[in-house]
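One structure is given here, and the rest of the page talks about it.
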Amino acid sequence: MADPSSYRPSPGQIPDSPGVYRFRDEHRRVIYVGKAKSLRQRLANYFQDLTGLHPRTRTMVTTAASVEWTVVSTEVEALQLEYSWIKEYDPRFNVKYRDDKSYPYLAVTMNEQYPRVQVMRGHKKKGVRYFGPYAHAWAIRDTVDLLLRVFPVRTCSAGVFKNAARTGRPCLLGYIGKCSAPCVERISAEDHRELADEFSDFMTGRTGTYIRRLEKQMTDAAEEMEYERAARLRDDIEALKKAMEKNAVVLADATDADLIAVAEDELEAAVQIFHVRGGRVRGQRGWVTDKVEAVTTGDLVEHALQQLYGEETGDSVPKEVLVPALPDPVGPVQEWLTGRRGANVSLRIPQRGDKKSLMETVARNAHQSLVLHKTKRASDLTTRSRALEEIAEALDLDSAPLRIECYDISHLQGDDVVASMVVFEDGLARKSEYRRFQIKGFEGQDDVRSMHEVITRRFKRYLAEKERTGEWVEDDSTAQGDLGASGDGLDGPAGGLGGSDDGLGGPAGGLKDDDGRPKRFAYPPQLVVVDGGQPQVAAARRALDEMGIDDIAVCGLAKRLEEVWVPGDDDPVVLPRTSEGLYLLQRVRDEAHRFAITYQRAKRAKRFRASPLDEVPGLGEARKQTLLKHFGSLKKLRSATIDQICEVPGIGRKTAETIAAALAQAAPAAPAVNTATGEIMEEEEPGTTADPSGESVAAGAPDRRRGQET
């Protein structure tokens with residue numbers, strides 16, 4: 001590991017002008033390429049105190065052994081040079097997008113004497129016009145088969161073309177009218193090239209011209225009583241319309257645009273691009289990348305633009321590029337795109353209308369692409385085994401942690417504090433063993449204390465089972481507590497120890513299943529992971545120590561910097577960026593966070609829907625609805641007398657007295673207010689009101705849903 005101060009240039013050596021810089025390692029390999037408006041200011045950021053750097057940046061500067069730079073005139077030149085050097089050196093610390101598949105294109109080889117229409121993959125060639133990309137090659141062939149009726153361009157290979165020219169006989173397509181047969185000179189090279197140009201124009205979205213021209217020719221043929229020719233033209237029009245229908249209209253104003261969306265987490269990102277031409281989606285593609293450098297969404301967009309248009313010119317760069325976030329600064333990138341196209345290019349974030357709706361569709365595709373990529377990566381047995389081995393090595397465990405449990409605390413500004421426990425076995429989620437907890441030992445927000453309570457309650461159940469089977473003899477040093485099924489504080493009947501797939505409670509019971517096997521709380525993990533840093537890890541370790549459990553390892557994963565913390569260490573364990581072990585820990589942590597926040601939201605929604613009538617014993621849902629329907633609102637029911645309540649069918653005097661007492665004890669809240677209009681809703685249930693999103697909000701109280709959930 002190199003010390004950055006050993007190769008830091010003096011500030012006077014670095015020019016205060018735009019440029020591109022390269023970090024090299026001890027073997028002179030380029031490991032990072034970057035650009036800057038001011039080289040002096042940018043490079044100074046890399047040579048500050050290492051503790052102030054992002055972990056990925058810190059890894060890069062300690063791997064490097066030297067830095068060099070090249071001065072350019074403008075930021076646009078810096079952008080172009082950065083792209084060229086990234087392509088040339090393939091630096092390990094730069095974002096590099098990987099195609100999630102090799103996409104096929106519809107290509108027209110305008111660089112040949114007789115242009116050919118064909119399916120092409122791989123790198124683009126000069127002088128060839130490309131359309132797409134398409135999801136499948138068969139989709140291209142279906143489109144071409146329809147269009148050849150109107151634009152009979154050559155589709156045969158060079159060998160077939162030369163053989164037909166030698167024998168003087170065209171191929172089958174020439175005989176059935178789907179090729180103009182330039183091989184036997186039925187059409188001149190100039191006319192055939194014009195036909196290829198028309199084919200290309202139609203594919204770029206200029207469809208109306210050809211449809212109208214064919215319709216006029218059909219009408220003229222019918223007026224001249226050339227009915228067979230009119231019928232052929234009618235069929236040609238139908239073929240063109242059918243080809244157009246394969247790409248539905250998504251933008252009514254016939255826009256030419258590319259829409260780029262990004263889905264990302266702390267370690268990876270997926271990019272999806274929709275190519276819209278003439279208002280229709282003409283192609284789609286996607287990339288995934290490891291986030292090996294500290295990048296924002298705008299940075300990811302900039303890298304995507306470089307990869308997408310770095311080798312494109314002219315109409316291949318559309319008039320409009322819609323993105324989820326703008327690069328910073330946006331001016332040089334927009335100027336660079338304009339230079340590639342040769343005309344003005346609009347780079348912006350869609351705000352409303354059809355374009356914003358389509359961008360949401362692209363974003364969903366990006367999210368699904370990222371999920372699919374993670375699923376494929378997680379399902380590989382070899383990868384999972386390597387991940388577990390890397391975790392064992394990093395945490396100095398005796399063996400791979402085949403069972404990992406992860407815990408997360410969730411609340412909304414200190415309210416509805418809950419926790420989750422997720423289980424991964426052999427690197428795969430075991431959703432039937434997920435559990436959830438309500439924090440009942442205290443009120444308010446204290447993640448450390450909450451973590452201590454959850455770990456204590458979970459492993460008390462483990463010790464109870466060990467004691468029941470005789471595997472554990474409890475001594476004075478072991479923590480005491482109520483280990484009863486209903487006293488552990490878990491949510492759901494009898495502690496929520498059921499084995500339902502979603503982990504949200506289950507059938508009542510003790511520590512045994514119906515078939516006599518121990519409940520799954522009886523099985524200990526080899527590793528406990530907590531969502532958090534040093535304080536949470538220390539709390540979890542302290543809880544285990546208090547119960548005398550010393551054979552279960554503990555670590556924490558801090559979300560902000562992806563650092564792995566172990567008990568008693570002042571410095572975190574930094575796993576390599578490419579580590580499968582880090583990827584598995586992150587996936588476990590994210591799943592615990594998702595499960596916890598889902599439960600927390602459900603509890604909050606239930607609390608908002610609470611009614612004083614819920615506290616009346618023996619009053620079911622049907623009779624509550626009958627009461628509210630009879631009186632019209634809870635406010636009118638509250639002001640009703642006992643005799644008036646008795647008039648409701650099914651309500652006796654004793655029940656009416658209980659209802660009146662329950663409503664009298666529940667203090668009336670402020671009148672409900674429509675949060676959209678400010679109108680006082682007299683007839684609504686006091687204390688709550690429905691906002692436009694469908695959730696109830698306490699009247700007169702701040703909308704806590706806008707607070708931060710953790």
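The model shown is predicted, which means the values in this text are computed figures rather than measured ones. The analysis underlying the following values was restricted to heavy atoms, covering all of them including side chains, and did not include hydrogens, waters or symmetry mates.
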Tightest non-hydrogen contact, residues Thr338 and Ala343, listed as CG2-O, 3.2 Å
Should the pair Arg154-Glu112 be classified as a salt bridge under the 4.0 Å nitrogen-to-oxygen rule?
yes
Gap separating the CG atom of Leu259 from the CD1 atom of Ile273, nearest 0.5 angstrom
10.5 Å
Looking at side-chain heavy atoms only, is the closest gap between Val128 and Tyr130 below 4.5 Å?
yes
Does the pair Val345 and Lys319 meet the rule for a side-chain contact (heavy atoms from CB on, under 4.5 Å), with working shown?
CA-CA 5 Å; Val345 175; Lys319 299 177 182 177; over 6 Å; no
If we only count heavy atoms from C-beta on, is the Leu43 to Val67 side-chain gap below 4.5 Å?
yes
Ring pair (Phe, Tyr, Trp, His ring centres under 6.0 Å) partners of Tyr46, counting only residues at least two apart:
Tyr21, Phe23
Those residues at least two apart in sequence (or on a different chain) that pass side-chain contact (heavy atoms from CB on, under 4.5 Å) with Pro318 are Asp258, Arg277, Tyr309, Val321
With a 4.5 Å heavy-atom cut-off, do Met110 and Arg193 have their side chains touching?
yes
Nearest 0.5 Å, please: how far is CD1 in Ile349 from CG in Leu322?
10.0 Å
Would a 4.5 Å heavy-atom cut-off, applied to side chains only, mark Glu360 and Arg364 as touching?
yes
Should Arg594 and Asp590 count as an ion pair when the cut-off is N to O under 4.0 Å?
no
Value for CH2 (Trp336) from OG1 (Thr74), rounded to nearest 0.5 Å, stands at 13.5 Å
Correct closest heavy-atom pair for Thr361 and Asn365 would be O-ND2, 2.8 Å
I'd like to know if the side chain of Arg116 reaches the main chain of Thr109, judged simply by a donor and an acceptor atom lying under 3.5 Å from each other, with no hydrogens or angles considered.
no
Of the non-hydrogen atoms in Phe151 and Glu198, which two are nearest, and what is the gap between them?
CE2-CB, 3.8 Å
Please determine whether side-chain contact (heavy atoms from CB on, under 4.5 Å) holds for the pair Asn94 and Ile31, giving the CA-CA distance in whole Å, both sets of side-chain angles, and the decisive distance to 0.1 Å.
CA-CA 8 Å; Asn94 278 94; Ile31 62 172; over 6 Å; no
Nearest heavy-atom contact between Val76 and Pro332 is CG2-O, 3.6 Å
Find out whether Gln217 and Asp220 are in side-chain contact, i.e. whether some heavy atom of one side chain is under 4.5 Å from a heavy atom of the other.
no
If you measure from CD on Gln48 to CZ on Arg58, what distance do you get to the nearest 0.5 Å?
11.0 Å
Main-chain N/O of Ser66 paired to Glu68 side chain as donor or acceptor, under 3.5 Å
no
Can you tell me how far the CD1 atom of Ile260 sits from the CH2 atom of Trp287, to the nearest 0.5 Å?
7.0 Å
Could Arg22 and Trp69 be counted as a cation-pi pair, given that NZ or CZ must be under 6.0 Å from the ring centre and within 45° of the axis?
no
Ion pair present between Glu335 and Arg340, side-chain N to carboxylate O less than 4.0 angstrom?
no
Are the side chains of Arg129 and Ser316 in contact, using a 4.5 Å heavy-atom criterion?
no
Walk me through whether Val276 and Asp256 qualify under side-chain contact (heavy atoms from CB on, under 4.5 Å).
CA-CA 6 Å; Val276 179; Asp256 290 347; over 6 Å; no
Go through the steps to decide whether Arg348 and Glu320 satisfy the test salt bridge (charged side-chain N to carboxylate O under 4.0 Å, His left out), and finish with yes or no.
CA-CA 8 Å; Arg348 63 186 184 87; Glu320 195 171 2; 2.6 Å; yes
Side-chain donor-acceptor pair present, Thr296, Asp299, cut-off under 3.5 Å
yes
Name the orientation class of the two ring planes belonging to His192 and Tyr114 (parallel below 30°, tilted from 30 to 60°, perpendicular beyond 60°).
perpendicular
Hey, mind stepping through Ser200 and Asp197 against side-chain hydrogen bond (donor to acceptor under 3.5 Å, both in side chains) and telling me if it holds?
CA-CA 5 Å; Ser200 300; Asp197 284 332; 5.3 Å; no
Using every non-hydrogen atom in the two residues, find where Ala78 and Val20 come nearest and quote the distance to one decimal.
O-CG2, 3.4 Å
How close do Gln272 and Gly286 get, counting heavy atoms only, and between which atoms?
NE2-CA, 3.3 Å
Taking the side chain as everything from C-beta on, heavy atoms only, tell me whether Leu39 gets closer than 4.5 Å to Asp16.
no
Inter-residue atom distance Arg589.CZ - Leu557.CG, 0.5 Å rounding
4.5 Å
Looking at Ser17, is its backbone amide N or carbonyl O close enough to the side chain of Ser38 to form a donor-acceptor pair, meaning the two atoms are under 3.5 Å apart?
no
Scan for salt bridge (charged side-chain N to carboxylate O under 4.0 Å, His left out) pairs involving residues 32-45, sequence neighbours excluded, and state none if there are none.
Lys35-Glu82, Lys35-Glu302
Is there a donor in the side chain of Tyr89 and an acceptor in the side chain of Arg29, or the other way round, less than 3.5 Å apart?
no
Does Leu305 form a side-chain contact (heavy atoms from CB on, under 4.5 Å) with Tyr83? I'd like the steps, not just the answer.
CA-CA 10 Å; Leu305 293 172; Tyr83 171 74; over 6 Å; no
Side chains of Thr155 and Gln118 only: does a donor on one sit below 3.5 Å from an acceptor on the other?
no
Side chains of Val61 and Phe47: closer than 4.5 Å at any heavy-atom pair?
no
